[in-house]
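For the numbers below, each heavy atom of this structure counts, side chains included, while hydrogens, waters and symmetry mates do not.
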Amino acid sequence: MTAPGDTVEPLPAGATTPAETEVPGDAILAAADAMADAITDAEASIDPTLPGGFVDLADLPAPADSAVLPAPVVTAPPTPDDAASARSVPSTRSGTLAPSRRSAINQLLDESAQANRDGKHHQGAAHAEQVLADESITPAQQARARQLLSGHRLRLGEFEASVLNGLLALEYLTASGDLLAQSTVHCTLALAFHETALEEPALQHVLGALEAARACGSHTAEFWALSRSSMVHQALGDADRSIELGRQALALADTLHDPEAAFAARNNLGDSCLEIARSKRSRGEDAWTVLNEGIELTRAAVQHALQQRHAFYETVARTNLVGFLIEMGEYADARRQAVRSKTIAITNKYRNLAVNNDAQLAEVARAEGRIDAACAMMDAQLADPSVAEDAALNVKLHRALYEMHQSSGRFELALRHHEELHVLMLGLTRQTAGLQSRMLINSLEIEQARHEAQRSQLEAEMQRIRAEELDQQAHTDPLTRLPNRRALDRQLPEMMATARDRAEPLCAVMVDMDHFKRVNDEYGHATGDRVLTTMATILGDATRETDLAVRVGGEEFLLVLGNTTLDQAMLICKRLLGQVRDHPWGVVTGGLRCTASVGVALLTPDETVSRWLGRADAALYEAKAAGRNRVELAGARP
């Protein structure tokens, strides 16, 4: 299929689609029609010395002065902004640019994007490569450069480079969540894989393009994804699905008010119909229904191109129209359309399209039964040095010449073309296989690198988590799961400094289970452990996020109460003792009852940790000596 803008099929190296196209005037096109009508006598109309055999630049009417031609209207495909087109860069790049340098790089990227719209892909690729060579570019700039370069390389027929840059661009776009740009790159990759007959990866990318387009809500991106999906399903032999997707794309295009999409939808669906019709006829099936649908779509595509005054679109659409007219036996009109298409192609220097028009004119002569004329035309094309670079066209020409010479009884010539065809097919197979292998290897290497990066990140995360776990274990009491003395040593100085900086009161509360040795002796150490874990839960429930509860050893615990006065601490401790006393300890073991004693000390200015906690501990012993199950306040500092 052929589509415009970012999604046109790639041109041979050196071919361009200039933005400022010239639309030949009526007089020129009328002369071209007259020339087409005159091409009926093979011997009189063919000059084997001319490239193409009969209609070359010297034969065509000279274009009118471009100054009097109407200004063309060229619609540009949507381009994501710089932030949306971000891509990854190696970590050695700084990622920071001076404003002037950033502006210069963005200017190059904008020029590369404009070159893409203008069809000046050598120039656009050079701009993108210049950006990538700058070590100071940001990840976003590298992403956009690779995205643009992937498109330029596709148009230039450099599919391996297109895939490599597209996949690298897709890495960053996926990580950054730029769905619109992801869809665009997926479409480019689908075309690159399709052009090398790698339809399975092409299908994966059209599915990715469709998913990303729908996720970001872009109907324009969804249209292009549907159009590409139709193309790939056709190549996979699923004609019904291809037509269904093409019709979906057409229906969506008609809601967009986008001239480019309107043209592409009709042109591409028409092209699918032509391929399906040829396939049906090769199997002896009736193809008129699909031919009629396709030719109407293609004529509509021509009209859209005329309305836009877009010479490239018109040349492409008329070239496709010729294919329909040949299949439908309308040879005079097919010849007229081919010559008109070539007139526009020559005027605008669309060399590859002009060569295709020459091949079509030879096909018309063959279909009309003018075998000698067709052979002469094809021989003239094979003599053109520029055609030698087009392996697919050479295969087509040699196969047609072999078939025509064989049917005419010229067996020696048929054998020569058959041998040439065999050599070409072998070389093309090897070339395609080698290209496919390299593209798949590149894809696998990038995928492997991505997995390696993910694995490294995962390993680093696991090491971080393990370090945190080890740190947590080192600072946590294994029985009660409360912080231990190490945690106290780490956190308490910070709490004291904060309290002093904010002039907030800080209280230390020493808590000790009463007669805990008796619990162990009478009920066993397992019961004693359950008592300690229960006590830890009670203490944890009594503290806030700004507080700290620590098991300092045995049956002794410490609470550090942030921003708490002595009066408030006394209330908290009395409530705590009531909770301990009233707890249903019988659940732990029958007949068990527990109480605790508490000592409280308020931190004084410039007091050391040891002296402060020592006063709280002394208050705890006073509570024990006074009968237990009570709270005692520490005395003033001596």
Which heavy-atom pair separates [X] from [Y] by the least distance, and what is that distance?
X: Ala265; Y: Ala249; value: CB-O, 4.3 Å
X: Ala365; Y: Ala373; value: CB-CB, 4.4 Å
X: Leu297; Y: Cys273; value: CD1-SG, 4.4 Å
X: Tyr331; Y: Ala367; value: CE2-CB, 3.3 Å
X: Ala374; Y: Met404; value: CB-SD, 3.8 Å
X: Val185; Y: Gly166; value: CG1-O, 3.3 Å

Close side-chain approach of [X] to [Y], heavy-atom, < 4.5 Å:
X: Phe324; Y: Gln337; answer: no
X: Thr315; Y: Arg340; answer: no
X: Val322; Y: Leu361; answer: no
X: Phe263; Y: Gln308; answer: yes
X: Pro259; Y: Gln307; answer: no

Say whether, by atom type as modelled, one donor and one acceptor occur between the side chain of [X] and the main chain of [Y] under 3.5 angstrom.
X: Gln182; Y: Leu173; value: yes
X: Thr347; Y: Thr343; value: yes
X: Ser183; Y: Leu180; value: no
X: Arg155; Y: Gly151; value: yes
X: His233; Y: Ser229; value: yes
X: Asn348; Y: Ile344; value: yes
X: Asn165; Y: Ala161; value: yes

- Begin with the C-alpha distance, continue with both residues' side-chain angles, and end with the deciding distance and a verdict on side-chain hydrogen bond (donor to acceptor under 3.5 Å, both in side chains) for Asn356 and Thr319. CA-CA 8 Å; Asn356 287 338; Thr319 298; over 6 Å; no

Taking only Lys NZ, Arg NE, NH1 and NH2, and the carboxylate oxygens of Asp or Glu, determine whether [X] and [Y] approach each other closer than 4.0 Å.
X: Asp254; Y: Arg266; result: yes
X: Arg335; Y: Glu368; result: yes
X: Arg366; Y: Glu363; result: no
X: Arg144; Y: Asp110; result: yes
X: Glu129; Y: Arg146; result: no

- Task: Decide side-chain contact (heavy atoms from CB on, under 4.5 Å) for Leu401 and Cys375; before the verdict, give the C-alpha distance in whole Å, the side-chain angles of both, and the deciding distance to 0.1 Å.
- Result: CA-CA 6 Å; Leu401 286 165; Cys375 288; 3.9 Å; yes

- Task: Could I get the full list of side-chain hydrogen bond (donor to acceptor under 3.5 Å, both in side chains) partners for His398, not counting sequence neighbours?
- Result: His417

- Query: With a 6.0 Å cut-off on ring centres, are His304 and Tyr313 close enough?
  - Reply: no

- Task: Keeping to residues at least two apart or across chains, list the side chain to side chain donor-acceptor pair (under 3.5 Å) pairs with something in residues 206-219.
- Result: Arg214-Glu222

- Quick one: which residue pairs count as a side chain to side chain donor-acceptor pair (under 3.5 Å) with a foot in residues 283-298, not counting sequence neighbours? Arg247-Glu293, Ser279-Arg283, Arg283-Glu285

- From CA spacing to verdict: side-chain contact (heavy atoms from CB on, under 4.5 Å), Ser272, Asn268: CA-CA 6 Å; Ser272 292; Asn268 292 356; 5.8 Å; no

- Task: Compute whether any side-chain donor of one residue and acceptor of the other, for Gln204 and Glu200, lie under 3.5 angstrom apart.
- Result: no

- Ser242 side chain to Ser230 side chain, donor-acceptor N/O pair below 3.5 angstrom: yes

- Item | Derivation of the side-chain contact (heavy atoms from CB on, under 4.5 Å) call for Val339 and Lys342 | CA-CA 5 Å; Val339 174; Lys342 182 171 181 178; 5.7 Å; no

- Item | Chi angles and distances behind the side-chain contact (heavy atoms from CB on, under 4.5 Å) call for Arg153, Leu156 | CA-CA 5 Å; Arg153 294 303 180 200; Leu156 296 171; 3.9 Å; yes

- Task: Please report the C-alpha distance between Ser150 and Thr188 in whole Å, then the side-chain angles of each, then the deciding distance to 0.1 Å, and finally whether the side-chain hydrogen bond (donor to acceptor under 3.5 Å, both in side chains) criterion is met.
- Result: CA-CA 7 Å; Ser150 178; Thr188 301; 5.1 Å; no

- Item | Passing candidate, side-chain contact (heavy atoms from CB on, under 4.5 Å) with Leu252, options Thr220, Leu226, Asp258 | Leu226

